[in-house]
Amino acid sequence: TLPCLPGARPCIPKDFGRGSLVCVCNATYCDTLDPVVLPAPGSYVKYESSKAGKRLERSEGRFQSRLHAPGSTTGGWRYHLGTPRHHGLSRALPTGLLLTLNISTLYQHVKGFGGSLSDAAAMNILKLSQPAQDNLLRSYFSESGIEYNLIRVPMACSDFSVRPYSYDDVPDDYELKHFRLVDEDVKMKV
């Protein structure tokens, strides 16, 4: 288990010359977040990143309480944003965004949040020093990071592999007698 760092550490931006910033994460420093705490009913917490330089910038707000959500006899919450900016869309945007949450209707259960660990990602992580690897993994999986709890690992090769491979390249081997993991799986995924 990687130890969690107390308190938030700000993003130290680095520009690679393509008009987009990244946060520095190396052997001695990596930005962190305060632990996520569920907001009070009727409130929300928003984390925003932007090309202009915001990196998981935290803000809080309150929904407007409403007795009934549209088409419902149960309560809900409303959130209203002001006039949005036009981002090159071909048609005019509405003057504001109205988000209505019907808290009595659930459509799905969220098991968690995460990302993909491709061959390319694993190769780059393994090229880092051990302290840099620890900081990077902490930034994804710890309470001082973004708290991923799921990871998707491609089976065999993907478009982020350095070579094509599968687990059984023998034609007509329906019983998988020649099935085997390759070095990429043993060294980087398992």
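- Side-chain N/O atoms of S49 and R55 include no donor and acceptor closer than 3.5 Å.
- Around atom CZ of R180, no more than 12 heavy atoms belonging to other residues, nucleotides or ligands sit under 6.0 Å away.
- L33 and L136 fall within the same hydrophobic cluster, defined by Ile, Leu, Val, Met, Phe, Trp and Tyr side-chain heavy atoms under 4.5 Å apart, directly or through other members.
- Residue L56 holds its CG atom at 10.0 Å from OG of S139, rounded to the nearest 0.5 Å.
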*asked:* Between S43 and R62, is the side chain to side chain donor-acceptor pair (under 3.5 Å) condition met? List the steps.
replied: CA-CA 4 Å; S43 300; R62 293 199 49 80; 2.7 Å; yes

_Test log, rule ring-ring contact (aromatic ring centres under 6.0 Å, His included), inputs Y148 and F113_ = CA-CA 5 Å; Y148 275 5; F113 294 91; 8.4 Å; no

*In sequence, state the C-alpha distance, the side-chain angles, and the governing distance for V45 and R58, and then conclude on side chain to side chain contact (heavy atoms under 4.5 Å, CB included).*
CA-CA 7 Å; V45 174; R58 186 180 192 274; 3.6 Å; yes

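- A distance of 4.0 Å separates SG in C23 from CG in D31, rounded to the nearest 0.5 Å.
- The CG atom of D169 sits 11.0 Å away from atom NE2 of H178, with the distance rounded to the nearest 0.5 Å.
- Annotation: the span from K46 atom NZ to E60 atom CD amounts to 11.5 Å, rounded to 0.5 Å.
- Put simply, the side chain of N135 never gets that close to the backbone of C25: no donor and acceptor are under 3.5 Å apart.
- Of the possible polar contacts, none joining the S161 side chain to the C157 backbone as a donor-acceptor pair under 3.5 Å is found.
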*Stepwise side chain to side chain contact (heavy atoms under 4.5 Å, CB included) test for Y167 and M155*: CA-CA 9 Å; Y167 295 135; M155 293 179 65; 4.2 Å; yes

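- From Y140, atom OH reaches atom CZ of R138 across 14.5 Å, with rounding to the nearest 0.5 Å.
- Within 6.0 Å of CD in E175 there are 12 or fewer heavy atoms belonging to other residues, nucleotides or ligands.
- Listed for the S129 side chain is no donor-acceptor partner under 3.5 Å among the backbone atoms of A27.
- Taking CG of D173 as the start and CG of D168 as the end, the distance is 4.0 Å to the nearest 0.5 Å.
- Formation of a donor-acceptor pair under 3.5 Å by the D34 side chain with backbone atoms of A8 is found in this model.
- With E57 contributing its side chain and E48 its backbone, the two residues share no donor-acceptor pair below 3.5 Å.
- Both I125 and V153 are members of a single hydrophobic cluster when ILVMFWY side chains are connected at heavy-atom separations under 4.5 Å.
- Between the side chains of Y165 and D119, at least one donor N or O lies within less than 3.5 Å of an accepting N or O.
- Side-chain heavy atoms closer than 4.5 Å link hydrophobic residues (I, L, V, M, F, W, Y) into clusters, and following such links, even through other members, never connects V162 to L128.
- Under the 4.5 Å side-chain heavy-atom criterion for grouping Ile, Leu, Val, Met, Phe, Trp and Tyr, L117 is connected to I146 within one hydrophobic cluster.
- Side-chain contact, R152 with S116: a donor N or O sits under 3.5 Å from an acceptor N or O.
- Within 6.0 Å of CG on L38 lie no more than 12 heavy atoms contributed by other residues, nucleotides or ligands.
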*Go through the steps for V24 and N26 under the test side chain to side chain contact (heavy atoms under 4.5 Å, CB included), then give the verdict.*
CA-CA 6 Å; V24 171; N26 58 33; 3.5 Å; yes

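- Counting heavy atoms of neighbouring residues, nucleotides and ligands inside a 6.0 Å radius, atom CZ of F141 exceeds 12 of them.
- Taking hydrophobic clusters as Ile, Leu, Val, Met, Phe, Trp and Tyr residues chained together by side-chain heavy-atom distances below 4.5 Å, L137 shares a cluster with I151.
- A salt bridge links D185 with K189; the closest basic N to acidic carboxylate O contact falls under 4.0 Å.
- No more than 12 heavy atoms of other residues, nucleotides or ligands lie within 6.0 Å of CZ in F160, so this atom counts as exposed by the packing criterion.
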_Please evaluate residues F179 and K177 with respect to the criterion side chain to side chain contact (heavy atoms under 4.5 Å, CB included), reporting the C-alpha separation (whole Å), side-chain torsions for both, the decisive distance (0.1 Å), and the verdict._
CA-CA 6 Å; F179 177 93; K177 291 180 181 178; over 6 Å; no

